[in-house]
Every structure is written in C-alpha cells, then in structure tokens.
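Note that the structure is predicted; figures quoted are calculated from it, not measured. Letters A, B, ... are given to chains in the order of the sequence lines, protein chains preceding strands, and every chain is numbered from 1.
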Amino acid sequence: MTLVQEQTPTTATDEESGGPLLEVSDLKVHFPVKRGLIFDRTVGLIKAVDGVSFSIMPGETLGLVGESGSGKTTTGRAILQLVKATSGRVMFEGADLVSLSGNNMRRMRRRLGMVFQDPYGALNPRMTAGDIIGEPLVVHKLYQGRQDLRRQVGELLETVGLNRSMVDRYPHEFSGGQRQRIGVARALAARPSFMVLDEPVSALDVSIQAQIINLLQNLQDEFELSYLFIAHDLSVVRHISDRVAVMYLGKIVEVAQCDELYENPLHPYTKALLSAIPIPDPELDRRRDRIVLEGDIPSPLNPPSGCVFHTRCPVAVEDCPAYVPELREVAPGHWVACIRADGYGQYYTSTAG
Amino acid sequence: MTEPLLEVKNLKTYFHSSAGQVRAVDGSSFYIHEGETLGLVGESGCGKSVSALSVMRLIPNPPGRIEDGEVIFEGRDLLQLTEAEMREVRGSKIGMIFQEPMTSLNPVLTIGRQLTETLELHLKMTKQIANRRAAELLDMVGIADPEQRLKDHPHQLSGGQRQRVMIAIAMSCNPKLLIADEATTALDVTIQAQILELMMQLTNELGTGLLIITHNLGVVARYADRVNVMYAGKIRETGPAIDLYRNPKHPYTVGLLNSVPRLDSRSGSRLIPIEGEIPDPANLPTGCAFRPRCQWAVDKCASEDPPLVEAAEGQMTACWEHENVTRTPTGALA
Ligand SMILES: Nc1ncnc2c1ncn2[C@@H]1O[C@H](COP(=O)(O)OP(=O)(O)OP(=O)(O)O)[C@@H](O)[C@H]1O
Ligand SMILES: Nc1ncnc2c1ncn2[C@@H]1O[C@H](COP(=O)(O)OP(=O)(O)O)[C@@H](O)[C@H]1O
Ligand SMILES: [Mg+2]
Ligand SMILES: [Mg+2]
C-alpha cells in the first residue's frame, strides 16, 4: 500500500471487497481573493478545501456534514471537476479526474451525477421537464432516434415517481418536491455510478423531504449507486449514510461508520454539532446534555492557527493553537483529528510542560 | 388560572389576488400566558407568519385583510386600536424577530442608532442614557466589545450577530411578549443553538411570553411548553408539548413525526412520508383540508371540516377519527 492510501479513511472492510469506487487524496481548493480597481491584486487565499482525503465504496453513501462555508459544496464540485482543484487526486474508475484531459473528462462525466440544493434555481425555466431530463442523453448520445429518447425520458419520469404525461411541462408548473424529482431523474439519465447530492432536501418541507430521501434510497438499491450526500442537517445524514465525514473550515475533522459517529463521537466539534440538534421528542431531548459553542465560525480568509477549531473548542489546551492535528485512525474505521480525542495519544505527545 | 397575556380568538386573515382568495389564517384561536413558551409549527405556507403579522397588525393591505376575530392583549383588543396606539404596542409591548435579520435591520443606520431610536422614542431616554443602555443590551445578547460594535453597520456583522442585535432591539423595551418567526432557520446549527438558548434565558429571566414559530419539530420539542400544529390556515392540534409528541391525535401531527428524520434513529432506517403534496392555498379541498393525504379519512371528512375537540386532557384535535389515530399505523400504509 502506498502512503497516500494509508491516509485515506475508508471502511474497515476494504480488504475483502473490490476496493473503492472513488478515492480522494489530499484535495485542496484555494480561491485567491482579489482587490483593486485596475490591477487585480491577490490579497489573500480562501482555503475552501484544505487537504481532504476519503474514499467511497461501490454502493456506499458517505455523508459530508458541516456548517456553512466549511467547504462541502466545493469538495463536491472539485470531485466532479466543476471547480479546479489546486492540488490533490480524485481517483474514479481507474482514472485521476484532476489530471484528465478535457475530452477524456467529458467522456467520464456521464458516470458522475449531481443533484443541487435549490429545486427552483437548478432547472432551466425555459426547458420542459422532458428536455431537462433528456439533455444528458443527448449530450452523451445515449439514444437511438427520437422515439427511443422519448421512451427513456418517460421511464426516468416514472423511476422518480412522476407521471409520463408531465413530460412537456415547464419547471414553474411543478412543486418543489416534484422539481427535485426532475433533478434526480436528470442526474440518473446517463446511468452514473456515483452521484454528488448537495443538500438535496434542505429546501423542502418535512413531509416532502421524507419522500425524496426514500426515493434516493430506493434508487441506490436499484442502480447500485454510490453517493456523496452533502448536508448540514445531521439527522437527515444519519438516515441515508453508511459513513459520515464532518468538515470544519476546509478540513475533515472526523470520519466513522454512521452509527459509530452518532453514538460515539470523538471530536469536540462533532459532539457540539450533535448536541445542538434537538430530537423531536421532548421527554428525551430535555434529558440530553447541551454543549453550546461560544463565538462565530472564523473567517476562512483568516483561519486560526494550529487546530482550526481551537478558538471555539470547549476542551482546547495549550498545544492546540500550535499543532495541526492530522486525521488519524484511532479505532477500526474511526478517524479523528484532535489531540484531545480518546485514542489519539498514540499519535501525539504533548510538547508543553 | 389568570388571564392569558395574549388571546387570539377566531382570527381570519385573507389575501385577495387574481388567482382567487387565499384564507391564509382561517378561524384560528390560541393563547399565551406570561412567561410561557408556545410553539407554532407547520410546513411552508400554512399560515404561521400571517398569524404573527396579524397579531402585530402588519398585514399588507391590499392584498391582505384581517376579516374577523379578536386579538386580546393585556385586556385590550389590538384590532380596535388606532394606528398610533398600535405603534406604541409594537415598539414597547410586543417584540418581533424575523427570519432574515438583514431585511428588518436598516442597512444605512448604525447598530447603535437602531437601538437608541426605540429607547428614546418609547422609554423617553436621553441620548446619553440610551447610548449606555444600548451597549448594555449588546452585552446582554453576548456581543463582545459592545461600545465598538454600536458604531458598526448591519453588513459588518455575521448572520448570528445580526440576529443577536435583533433580539437586543426586540427586548430593549422589556416587552411582555416576544414573537420569533423562524428566527434561527437561516443560521448554522451551532449558532442556532446559541441564539435559542439566549432567547430562552432572557425570556425566562424577564417572564416574557414567547411565541416560537418554526417548521422545525425538534426546536419546538426542546423549548416549547405548549404546541400548535397548523395546516392549511388552521390549527389542527394543540396541547402540552410532552403530551402532543407522546400521543399525537391528529393524522397530520402523526405524519409529521413519522416523516422527520431523527438524530437518534439508526442508519438505514426508512421514513414514513406523508403521501401527496401540500394543497394549493387558493384551492383547498372541501371538508378537512388534510383529507387527500390522510390514511384515516372517512366519507364525512370530504363534506365537513372537523372542529377542535378535546382528544385527551389539555389536548385539542380537529379530526373526526381522532379516537382511531395512533402513532404507529397498523397496516394502514400497506
Ligand atoms: N468561487 C469561489 N470563489 C471564492 N471563494 C469561494 C468560491 N466558492 C466558494 N468559496 C468560499 O469557499 C468556502 C467554502 O464554500 P462552500 O460553498 O464549499 O461551503 P459549504 O460547506 O458548501 O457551505 P453551505 O453549507 O453554506 O453550502 C467559503 O468560505 C466560500 O465563501
Ligand atoms: N403578502 C401576501 N400576499 C398574498 N398572499 C400572501 C401574502 N403573505 C402570505 N400570503 C399567503 O398566505 C398563506 C400563508 O402564508 P405564511 O403565513 O407566510 O406561511 P408560513 O406558515 O410559511 O409562514 C400562503 O398561502 C401565502 O402564499
Ligand atoms: Mg454548500
Ligand atoms: Mg413564514
């Protein structure tokens, strides 16, 4: 095994199965911040994604959670090459997407799907549902004649729980939940093996959310899809994910099997995040411990030194502002980046007296 | 029991448009006692904000109009007050916090000016005293370096800080009632927790009545004493939070609780969604508006809209079949 692979959090069962479908290693996306009227001067760097590694197995869902600006969307977009990675590798079906040529990437694109948060903004208002869903088929020439195109689009509509008769309607004639179904049908059209789902249910009402979550779970079973499921709502993520990665200011601070992460969180940020989310059961919720973090999320333009979480961390010690904790495996399949976490001692000895 | 602080009786607020009449709030009654926290939950468009705006008499007219009802606050019907009297109530008796603080803060005025303005107007403070009080208020809502921050404009603050300023303004005149309409919906979860804890702490200390409006069933479970569940313009169920979550009696409440993902349910478990879509408010089904999505519906539901009746002690439910409704549906979803 190479060094890079060793540093990539995967499931504990990697060895037996065939290996990951997607493997992201040390991915960085840095955006220059420019000021000035005539000459663009670069005055700073937003490290939106700053050394992220993970892998996803065939048929697996990795949940990616974190607060606004933590770099979730940018990670998803960088995997799909919708934003240029500053450095790092994205191995997918045997190729490094970051270094693929334009033509090869265009061919690869049909294996990759994406569903966006906003069911209102994501669909072109001047295209019919049929055109929207059929577009990837047209782009990748995956149909034989108009008849076949129409048949495939009709099947896709039914797959996502819509009616074939809706094919000629425009986006504004659909409800939010229905629009999200159209977005899912479009992402499915070219038969991808992997999809980035960026907050696919955040904008929907509770009763509609559940419909879409169930749809996504059914499709995954039916088509053996792998998902990167991005969300800030940890309750939704628990439902759909096999494993979960928690991001804070461009870095992954913890990864584990889903139930393990929720029942035995090790990073103080994960603990705070979980405790901030109320459970819709007053008797149970009112007995839970509450950790209320102080202060705001720091600006990514000027992230704190050492561990980026130390400014808000309730258990930070003297070493934390000075030492950048690597993501380390502290129990089988459970990775954490915190010198205070249980099990991290084997990787870190305090320098402070 | 003492008189409630606020008592809304049979409130009807309608909007008129080319698409027809929207009965945004259609015969809603509820109350809040001093120091009590009432949660108002429901999905988008069900009439939560219109309920709050009606209490504040901030319904844009046209297209909206309060058609009927009473809003009794401290013994007076707010719907009968003059606009000048109502301004006084809004400034000093009832505070309101909205979802998007940027639209309710004035972008061209400093934070300090927005705070002192209310203090000078309603509490008749001098400039100097108002300034000192403004700094105290910012400190109270947890903003560091308050004197300095008073000179800032809203865009210089983070979303969480702006919401803290909104709370400071809403609390500045020691209101008797605070209405928080999706006040934390746009915020990150850790900031949401900060703001909610702050709101609870302040209202507890000062004995303020609190109306929390949200679509988040978790927030209500954590903080509310009592809960109103709204659907399509009407309160469908109301009761003490603990009872209502433990033993929901309205099919819509049951549906909501079954469809919401929970932090404590195991990975891979399936949700039970409510089938169908939220109805078009200009074109509601006849009888009970929830009927087309309801697994317990009977013939009567199509013709007669059920009134709120006592379904359990202290718990009112508007459903003809409430005696048969249980949290774990028995085979009904086959
Ligand atoms: N094109 C861009 N140019 C400059 N900065 C950017 C760009 N895209 C994103 N950023 C910055 O990168 C950081 C991460 O953004 P990103 O959209 O990935 O966050 P996120 O985790 O998806 O947040 P949210 O939960 O709000 O969607 C933010 O600070 C953002 O402002
Ligand atoms: N200014 C307005 N003009 C027309 N219709 C309105 C207006 N404000 C609200 N409505 C309608 O009233 C109903 C209830 O809205 P609202 O109270 O804002 O819902 P929510 O429960 O999401 O806060 C909706 O159908 C909405 O479209
Ligand atoms: Mg995002
Ligand atoms: Mg509203």
Side-chain angles (χ1 to χ4, degrees), chain A residues 61 63 66-70 175-178 201 204-214 217 232-244 257-259 261-263 269 272-286 288 290-297 299 312, chain B residues 41-46 142 144 157-161 186-194 196-198 215-224 227 240-246 252 255-278 280 293:
Chain A
T61 299
E67 294 178 282
S68 192
S70 56
S175 70
Q178 288 173 328
V201 299
L204 304 175
D205 272 309
V206 179
S207 68
I208 309 301
Q209 253 188 25
Q211 296 175 0
I212 300 294
I213 291 173
N214 284 2
Q217 287 178 322
H232 61 266
D233 181 339
L234 277 93
S235 314
V236 172
V237 166
R238 179 156 194 185
H239 262 274
I240 196 152
S241 305
D242 299 304
R243 277 184 309 130
V244 176
Q257 291 288 337
C258 192
D259 290 331
L261 186 106
Y262 285 80
E263 275 150 34
Y269 178 62
L273 212 49
L274 289 173
S275 107
I277 294 173
I279 296 175
D281 178 343
E283 289 166 279
L284 194 107
D285 188 74
R286 290 172 199 196
R288 293 170 67 210
R290 279 182 222 169
I291 310 166
V292 179
L293 291 181
E294 310 262 319
D296 269 341
I297 302 164
S299 155
R312 301 173 78 202
Chain B
V41 284
E43 298 177 283
S44 58
C46 71
L157 305 181
S158 73
Q161 286 173 327
L187 302 175
D188 273 313
V189 284
T190 61
I191 310 297
Q192 170 172 333
Q194 284 176 359
L196 286 166
E197 292 291 326
L198 171 68
H215 63 273
N216 187 326
L217 287 154
V219 167
V220 171
R222 184 170 280 193
Y223 296 108
V227 185
I242 292 190
D243 302 331
L244 192 132
Y245 279 81
R246 184 192 293 159
Y252 179 60
L256 279 182
L257 289 171
N258 282 341
S259 53
V260 65
R262 289 170 60 132
L263 198 63
D264 60 340
S265 53
R266 289 190 69 83
S267 150
S269 54
R270 292 290 164 120
L271 303 169
I272 310 169
I274 303 175
E275 299 300 327
E277 304 270 336
I278 296 166
D280 171 5
R293 306 177 75 188

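Top candidate by heavy-atom pairs under 4.5 Å with chain A, chosen from B/Leu244, B/Val189, B/Thr190, is B/Thr190. By number of non-hydrogen pairs under 4.5 angstrom with chain A, the leading residue of B/Gly160, B/Gly218, B/Ala221 is B/Ala221. Of the listed residues (B/Gln192, B/Glu277, B/Arg266, B/His215), the greatest number of heavy-atom pairs within a distance under 4.5 Å of chain A belongs to B/Arg266. Between chain B and the residues A/Arg312, A/Gln217, A/Gln209, the most heavy-atom pairs under 4.5 angstrom are made by A/Gln217. Of the residues considered (A/Leu274, A/Ile291, A/Val244), A/Leu274 shows the highest number of contacts with chain B, using heavy-atom pairs under 4.5 Å. Chosen from A/Ile208, A/Leu234, A/Asp281, the residue pairing most often with chain B at heavy-atom distances under 4.5 Å is A/Asp281. Each of A/Val236, A/Asn214, A/Leu293, A/Leu273 has some count of heavy-atom pairs under 4.5 Å with chain B, and the biggest count is that of A/Asn214.
Expressed to the nearest 0.5 Å, how far CZ of B/Arg270 lies from OG of B/Ser265 amounts to 12.5 Å. Atoms CG and CD1, from A/Leu204 and A/Ile212 in turn, are 6.0 Å apart once rounded to the nearest 0.5 Å. Considering OH of B/Tyr223 and CZ of A/Arg286, their distance stands at 10.0 Å, rounded to 0.5 Å.
Interface remark: B/Leu217 contributes backbone and side-chain atoms alike to the contact with chain A (heavy atom separation under 4.5 Å). Both the backbone and the side chain of A/Ile279 come within less than 4.5 Å of a heavy atom of chain B. In this structure, chain A has no heavy atom under 4.5 Å from any part of B/Tyr252. Contacts between B/Glu43 and chain A at a heavy-atom distance below 4.5 Å involve backbone atoms as well as side-chain atoms. Contact of A/Glu263 with chain B is made through the side chain alone, with heavy-atom distances under 4.5 Å. Contacts between A/Gln211 and chain B at a heavy-atom distance below 4.5 Å involve backbone atoms as well as side-chain atoms. Within the 4.5 angstrom heavy-atom criterion, only side-chain atoms of A/Val292, from C-beta onward, approach chain B. Contacts of A/Ser275 with chain B are made by backbone atoms alone, with heavy-atom separations under 4.5 Å and no side-chain atom involved.
Minimum heavy-atom separation, B/Ser44 to A/Asp205: OG-OD2, 2.6 Å. The minimum heavy-atom distance between A/Arg288 and A/Ile277, with the atom names listed, is NH1-O, 2.7 Å. Among all heavy-atom pairs drawn from B/Ile274 and A/Ser207, the shortest one is CD1-CB, 3.6 Å. Minimum interatomic distance between A/Val237 and A/Cys258 (heavy atoms only, all atoms of both residues): O-SG, 4.4 Å.
A salt bridge links A/Asp259 with A/Arg238; the closest basic N to acidic carboxylate O contact falls under 4.0 Å.
Within the 3.5 Å criterion, the main-chain N or O of A/Ser68 finds a donor-acceptor partner in the side chain of B/Asp188. With hydrogens and angles ignored, the 3.5 Å screen pairs a side-chain donor or acceptor of B/Arg293 with a backbone N or O of B/Gly276.
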